[in-house]
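Notes to accompany the following structure.
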Amino acid sequence: MQRVLVTGAGGFIGHHLVTFLKERGYWVRGVDLKYPEFTEVDADEFELLDLRRRDDALVAARGVDEVYALAADMGGMGFISSNHATILHNNALINLHTIEAARLNGVERYLYSSSACIYPEHLQANADVAPLREEDAYPANPQDAYGWEKLISERLCEYYTEEHGLPTRSVRFHNVYGPYGTYDGGREKAPAALCRKVAEAETGGTVEIWGDGEQTRSFCYVTDCVEGIYRIMQSDHAEPLNLGTDRMITINELAWLVIEVSSKQGLRLEHVEGPQGVRGRNSDNSKLREVLGWEPGISLEDGLVPTYRWIAEQVERRAGREAEVGLLYSA
């Protein structure tokens, strides 16, 4: 039985990946600062460790064959756009310590979770943007600290392969969404935030959209994402690969899709000031199809159904708890 480490296993993609690997017969150690918030732990072993600390990283990587490095201090655009120093500091430490711990522990293969945020800002200045190819990453000009940190860590993986012979893979995520992830508090991403806003809206109410809503993105459902992660890890392709869908829509269109899933009547979009990120972003999946003979296949309409239903259920439960507290205090 192969033994694998998943860092960031208490987070959204990480705990989905743990479940995926367990279902395929792997022994899995999960590591994070916290346990999964919305599900039980599926890992054979789960350790609360701080990978910003070298000693903790060494403990995390002991006795495993492969490492899926998903741990990161991150969130949606509201968090990314206002925490540059924190993101760069924390994630640089996590990535440096984790890959060195993998080397020192004799790990056979290492996968790094990168992001489409590494792509140059000037290639994403228009809503009707050309899909981003892997080779578009250079000359480098990411928008923010999160993108720079991811790009530097991709190079770190390449150098560890060249100098130390550690086989590495880098996966550039494009807007992953699905159930059992953060949906409020400021770290949620656009699909989860919109699902929450729609779930909270009363009939005839409004749903807030940051900016004019004409910024564009593509979105990848989480089960497609973990399938792609696994396939890329098992492949012989050492260069970074996009992992996302190539269907680009506006945030306004995404909001209307969520409203349609909710079956709520009379809702309106209200555009307000807020961080928007780049104007347009889409994934070119040509190389992904060439390398894997596969690409994400779950449509946005199909993926939004379980995502919205789960978030709406959380919103309803929270409202019930708040009502109970209100009754307690009024009594």
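Predicted model, so just to flag it, every value in this text is computed and none were measured. FYI, side chains are in, hydrogens and waters are out, and symmetry mates aren't considered; it's all heavy atoms of this structure.
- To the nearest 0.5 angstrom, Asn90 atom CG is 11.0 Å from Leu51 atom CG.
- A donor-acceptor pair under 3.5 Å is absent between the side-chain atoms of Lys22 and the main chain of Asp42, judged by distance alone.
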Query raised in the report: Between Val4 and Val67, is a side-chain contact (heavy atoms from CB on, under 4.5 Å) present by the stated rule, with each step listed?
Result: CA-CA 6 Å; Val4 301; Val67 172; over 6 Å; no
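- Taking NZ from Lys189 and CG from Leu194, the interatomic distance works out to 14.0 Å, rounded to the nearest 0.5 Å.
- At least one donor-acceptor pair closer than 3.5 Å links the side chain of Asp44 to the backbone N or O of Val28.
- Contact between Trp210 and Gln215 at its shortest, heavy atoms only, is O-NE2, 3.0 Å.
- Electrostatic pairing of Arg169 and Glu239 does not count as a salt bridge here, judged by no charged N lying under 4.0 Å from a carboxylate O.
- Around the CD atom of Glu45, the shell of radius 6.0 Å holds more than 12 heavy atoms that belong to other residues, nucleotides or ligands.
- Legend: side chain to side chain donor-acceptor pair (under 3.5 Å) pairs involving residues 306-316, not counting sequence neighbours, sorted by first then second residue: Glu313-Arg317.
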Query raised in the report: Do Leu241 and Lys287 pass the side-chain contact (heavy atoms from CB on, under 4.5 Å) test, and can you show the C-alpha distance, the side-chain angles, and the key distance before you say yes or no?
Result: CA-CA 7 Å; Leu241 277 174; Lys287 189 166 290 186; 3.5 Å; yes
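- Judged by distance alone, with hydrogens and angles left aside, the side-chain atoms of Glu66 form no donor-acceptor pair with the main-chain N or O of Tyr110 at under 3.5 Å.
- Rounded to the nearest 0.5 Å, atoms SG (Cys157) and CD (Glu162) are 11.5 Å apart.
- Using a 3.5 Å distance cut-off with no hydrogens or angles, the side chains of Ser299 and Asp302 do pair a donor with an acceptor.
- Within the 4.5 Å cutoff, the side chain of Leu254 has heavy atoms near those of the Ile249 side chain.
- No side-chain donor-acceptor contact under 3.5 Å links Thr245 to the backbone of Cys220.
- Panel note: side chain Ser218, backbone Asn282; no donor-acceptor pair is recorded below 3.5 Å.
- For the pair Thr168 and Tyr112, the minimum side-chain heavy-atom distance is 4.5 Å or more.
- Ion pairing of Arg289 with Asp246 is present here, as a side-chain N (NZ or NE/NH1/NH2) and a carboxylate O approach within less than 4.0 Å.
- Screening Glu100, Arg155, Arg103 for a side chain to side chain donor-acceptor pair (under 3.5 Å) involving Tyr160 leaves a single residue, Glu100.
- Of the N and O atoms on the side chains of His271 and Asn252, at least one donor lies less than 3.5 Å from an acceptor on the other residue.
- Residues Pro306 and Tyr221 meet the side-chain proximity criterion, which asks for heavy atoms closer than 4.5 Å.
- The two residues Pro131 and Asp136 have their closest heavy-atom pair at O-OD2, 4.1 Å.
- Classification of the Phe46-Tyr35 ring pair by plane angle, with boundaries at 30° and 60°, yields tilted.
- Around the CD atom of Glu253, the shell of radius 6.0 Å holds more than 12 heavy atoms that belong to other residues, nucleotides or ligands.
- No donor-acceptor distance shorter than 3.5 angstrom exists from the side chain of Arg54 to the backbone of His97, with no hydrogens or angles considered.
- Sparse packing is recorded around CD of Gln265, with 12 or fewer heavy atoms of other residues, nucleotides or ligands lying under 6.0 Å away.
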Requested in this report: Show your reasoning for whether side-chain contact (heavy atoms from CB on, under 4.5 Å) applies to Arg281 and His174.
Outcome: CA-CA 9 Å; Arg281 177 180 293 151; His174 284 254; 4.3 Å; yes
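- Between the CZ atom of Phe38 and the CD1 atom of Ile311 there is a distance of 9.0 Å, given to the nearest 0.5 Å.
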Query raised in the report: Can you list the steps and then say if Glu188 with Lys197 is a salt bridge (Lys or Arg N to Asp or Glu O under 4.0 Å)?
Result: CA-CA 12 Å; Glu188 69 277 16; Lys197 291 176 182 180; over 6 Å; no
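- Here the closest non-hydrogen pair linking Met1 and Asp65 is O-OD2, 4.5 Å.
- Residues Leu21 and Tyr68 are in side-chain contact: their nearest non-hydrogen atoms beyond the backbone lie under 4.5 Å apart.
- Within 6.0 Å of atom CZ in Arg53, 12 or fewer heavy atoms from other residues, nucleotides or ligands are found, so the atom counts as exposed in its surroundings.
- Judged by distance alone, the side chain of Arg29 and the main-chain N or O of Ala60 form a donor-acceptor pair under 3.5 Å.
- Side-chain contact, Asp73 with Tyr146: no donor N or O sits under 3.5 Å from an acceptor N or O.
- By the rule that hydrophobic residues join a cluster once side-chain heavy atoms approach within less than 4.5 Å of another member, Trp256 and Val198 end up as members of one cluster.
- The shortest heavy-atom contact between Leu304 and Cys195 is CD2-SG, 4.5 Å.
- Heavy atoms from other residues, nucleotides or ligands lying under 6.0 Å from CD of Glu301 number more than 12.
- Between Ala312 and Ala199, the shortest heavy-atom distance links the atoms CA-CB, 3.8 Å.
- Taking the ring axis of Tyr183 as reference, the NZ or CZ atom of Arg196 does not stay both within 45° of it and closer than 6.0 Å to the ring centre.
- Minimum heavy-atom separation, Pro296 to Gly244: CG-O, 3.3 Å.
- The backbone N or O of Asn242 lies less than 3.5 Å from no partner atom in the side chain of Ser283, so there is not a single donor-acceptor pair.
- Leu156 is listed as a side-chain neighbour of Ile99, based on a closest heavy-atom distance under 4.5 Å.
- Contacts classified as salt bridge (Lys or Arg N to Asp or Glu O under 4.0 Å) and involving residues 203-219 (residues at least two apart or in different chains) are given here: Asp212-Arg279.
- The shortest distance between side-chain heavy atoms of Ser153 and Glu149 falls below 4.5 Å.
- To the nearest 0.5 Å, atoms CG (Leu17) and OG (Ser113) are separated by 10.0 Å.
- With no hydrogens or angles considered, a side-chain donor-acceptor pair links Glu154 and Ser114 at under 3.5 Å.
- Remark: side-chain polar atoms of Asn95 are paired, donor with acceptor, to backbone N or O of Asn91 under 3.5 angstrom.
- Heavy-atom neighbours of His89 NE2 from other residues, nucleotides or ligands within 6.0 Å: at or below the threshold of 12.
- A 4.5 Å side-chain heavy-atom check between Arg172 and Ile118 finds at least one atom pair inside the cut-off.
- At a threshold of 4.5 Å between non-hydrogen side-chain atoms, the residues Tyr180 and Val222 do not count as touching.
- Checking side-chain atoms of Thr216 against main-chain N and O of Ala127 turns up a donor-acceptor pair under 3.5 Å.
- Side chains of Glu295 and Asn285: a donor-acceptor N/O pair is present below 3.5 angstrom, by distance only.
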Would you give me the side-chain donor-acceptor pairs under 3.5 Å for residues 200-207, sequence neighbours excluded?
residue : atom : partner : partner atom : Å
Glu200  : OE2  : Arg318  : NH2          : 2.9
Thr206  : OG1  : Glu270  : OE1          : 3.3

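- Taking the six-membered ring wherever Trp is involved, the centroid distance between the rings of His16 and Phe12 falls below 6.0 Å.
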Query - Derivation and outcome, side-chain contact (heavy atoms from CB on, under 4.5 Å), residues Ile232 and Val291 - result: CA-CA 9 Å; Ile232 291 169; Val291 171; over 6 Å; no
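- Taking CG of Asp50 as the start and CG of Asp55 as the end, the distance is 11.0 Å to the nearest 0.5 Å.
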